[in-house]
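Everything on this sheet refers to the single structure shown next.
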Number of protein chains: 2
Amino acid sequence: MTFETTFPVWNKLNSSQQSKLLNTLITRKVEKGTIIHNGMMHCTGLILVKSGQLRAYMISPEGREITLYRLFDYDMCLFSGYCIMRSIEFEVIVEAEKDTELWVIPSEIYKSIMDESADVANFTNEIMGTRFTNVMWLIEQIMWKSLDKRLAAFLIEETKIEESNKLNTTHENIANHLGSHREVITRMLRHFQNEGIVKLSRGLIEIVDEDKLYSLVDE
Amino acid sequence: MTFETTFPVWNKLNSSQQSKLLNTLITRKVEKGTIIHNGMMHCTGLILVKSGQLRAYMISPEGREITLYRLFDYDMCLFSGYCIMRSIEFEVIVEAEKDTELWVIPSEIYKSIMDESADVANFTNEIMGTRFTNVMWLIEQIMWKSLDKRLAAFLIEETKIEESNKLNTTHENIANHLGSHREVITRMLRHFQNEGIVKLSRGLIEIVDEDKLYSLVDE
């Protein structure tokens with residue numbers, strides 16, 4: 001895939017905008033675990049994922065994490081280029097959950113094109129609307145759902161992403177996704193194991209009764 | 001104030017767009033307590049507050065509420081016109097917290113102008129960025145702050161809005177703002193009273209030690 005075929009409003013740009021983008025575009029390959037963007041320390045630029053998987057999360061003063069949303073192939077990360085909008089005043093950290101290939105569009109270049117093109121500005125609106133929808137879903141989960149239901153939903157999401165019922169992950173890692181503590185997740189996973197829903201071993205969680213997991217979420 | 005002086009990007013519109021807006025604009029006066037927009041049952045249109053106070057909140061399947069943000073004079077409510085963007089897929093309820101005068105811009109009119117004007121599209125981006133910032137602040141509060149700190153912060157916010165240390169409000173009302181239960185709020189307010197921070201009487205909360213309230217939030 002090239003940038004031209006991946007960037008959704010490429011055909012709405014005039015040739016001057018197209019060459020401006022291509023001339024300033026940065027291509028990066030990052031390994032799993034790389035922090036690509038770190039809050040408001042630096043306005044990294046807008047990220048377009050070529051292939052791989054990113055996680056956007058926030059962090060408490062004490063270092064607790066909670067996942068806001070994840071980005072997959074062809075997804076765009078707006079908030080790593082937060083300086084394109086004055087009104088965005090929050091910190092997001094973006095890390096690679098898998099080895100990832102991506103493009104970075106410099107913020108000032110994107111902003112100059114967005115300022116003159118209604119198509120690009122409205123495309124940006126739609127991306128922000130999608131992230132807003134992700135985050136509103138998260139508030140619903142935090143506010144109205146108990147942690148066991150959220151854990152069940154997370155395990156289902158993971159089996160879909162990994163296309164496998166065997167998840168190579170740690171309890172610490174799950175706690176960071178859900179904004180919880182490792183001890184709490186361990187206790188809950190052991191409870192799931194006693195119920196015959198999962199089988200636990202070092203660094204591995206195997207889903208053995210998917211139906212029960214789904215019924216937990218829907219309850 | 002007229003619509004022309006209140007709508008921030010008025011001068012960026014061409015005369016055809018201006019007359020389109022003026023010809024379709026609806027002026028409304030609503031009483032305190034009126035539900036102006038109710039989730040996704042109807043795409044009400046974009047609301048511009050002339051004077052008054054609105055509250056945007058979400059509601060759980062069991063009817064528990066939590067305030068997302070509030071809107072004051074000259075603020076604009078985007079999500080009451082959610083159908084201008086395909087990617088917005090969440091329900092927000094908007095009610096008048098005070099008697100309010102407002103303008104409603106029909107969604108299809110706003111969308112047609114936003115589609116052709118980069119200025120209007122970018123203005124819309126900035127509003128969405130502001131609301132996103134509000135909501136991210138809310139997640140921080142819910143995730144990392146205990147309810148007593150959130151209650152203290154809410155009481156401080158209220159004294160600022162009302163410009164008074166005497167708040168005419170019920171415990172039920174506060175619970176709805178904070179996504180909590182009335183009993184929990186009553187218990188916490190009684191604790192605040194025992195600490196000499198507030199004085200409670202029927203339908204009234206008086207802040208008697210503002211410094212202590214602030215120190216609770218900053219702790």
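First the proteins, then the strands, lettered A, B, ... as listed; each starts at 1. Keep in mind that the numbers below use all heavy atoms, side chains included, and drop hydrogens, waters and symmetry copies. Bear in mind that the values here come from a model prediction, so they are computed numbers and not experimental data.
With B:Glu126 contributing its side chain and A:Met85 its backbone, the two residues share no donor-acceptor pair below 3.5 Å.
With respect to chain A, the highest number of heavy-atom pairs below 4.5 Å among B:Arg131, B:Glu91, B:Glu62 belongs to B:Arg131.
Looking at every heavy atom in both residues, B:Glu140 comes nearest to A:Met58 through CG-CE, 2.9 Å. Minimum interatomic distance between A:Ala121 and B:Ala121 (heavy atoms only, all atoms of both residues): CB-CB, 3.5 Å. Of all the heavy atoms in A:Ala118 and B:Asp115, the pair that sits closest is CB-O, 3.5 Å. In this structure, B:Met128 and A:Gly129 approach most closely via the heavy-atom pair CE-N, 3.8 Å. Minimum interatomic distance between A:Trp144 and B:Gly179 (heavy atoms only, all atoms of both residues): CZ3-O, 4.5 Å.
In this structure, the portions of B:Ile88 lying under 4.5 Å from any heavy atom of chain A include both its backbone and its side chain. For B:Ser117, the part lying near chain A is the backbone, with the side chain staying farther off; criterion is any non-hydrogen pair under 4.5 Å. The part of A:Leu178 that comes within reach of chain B is its backbone (N, CA, C, O), which places non-hydrogen atoms under 4.5 angstrom from that chain. Interface remark: A:Glu116 contributes backbone atoms only to the contact with chain B (heavy atom separation under 4.5 Å). Heavy-atom distances place the side chain of A:Leu138, and not its backbone, under 4.5 Å from chain B. Heavy atoms closer than 4.5 Å to chain A are found nowhere in B:Tyr82, neither backbone nor side chain. Heavy atoms of B:Ile59 lying under 4.5 Å from chain A belong exclusively to its backbone.
Within 6.0 Å of the CE atom in B:Met1, the count of heavy atoms belonging to other residues, nucleotides or ligands exceeds 12.
Between B:Phe90 and A:Phe132, the two ring planes are parallel [angle under 30°; tilted spans 30° to 60°].
Taking CE of A:Met114 as the start and CG of B:Asn122 as the end, the distance is 4.5 Å to the nearest 0.5 Å. The OG atom of A:Ser180 sits 7.5 Å away from atom CE of B:Met143, with the distance rounded to the nearest 0.5 Å.
Listed by sequence position, A:Glu65, A:Ile66, A:Leu68 are the residues of residues 65-76 of chain A in contact with chain B, using a 4.5 angstrom heavy-atom cutoff.
Looking at B:Glu89 and A:Thr133, their side chains never bring a donor and an acceptor atom within 3.5 Å of each other.
The shortest distance between side-chain heavy atoms of B:Met136 and A:Val92 falls below 4.5 Å.
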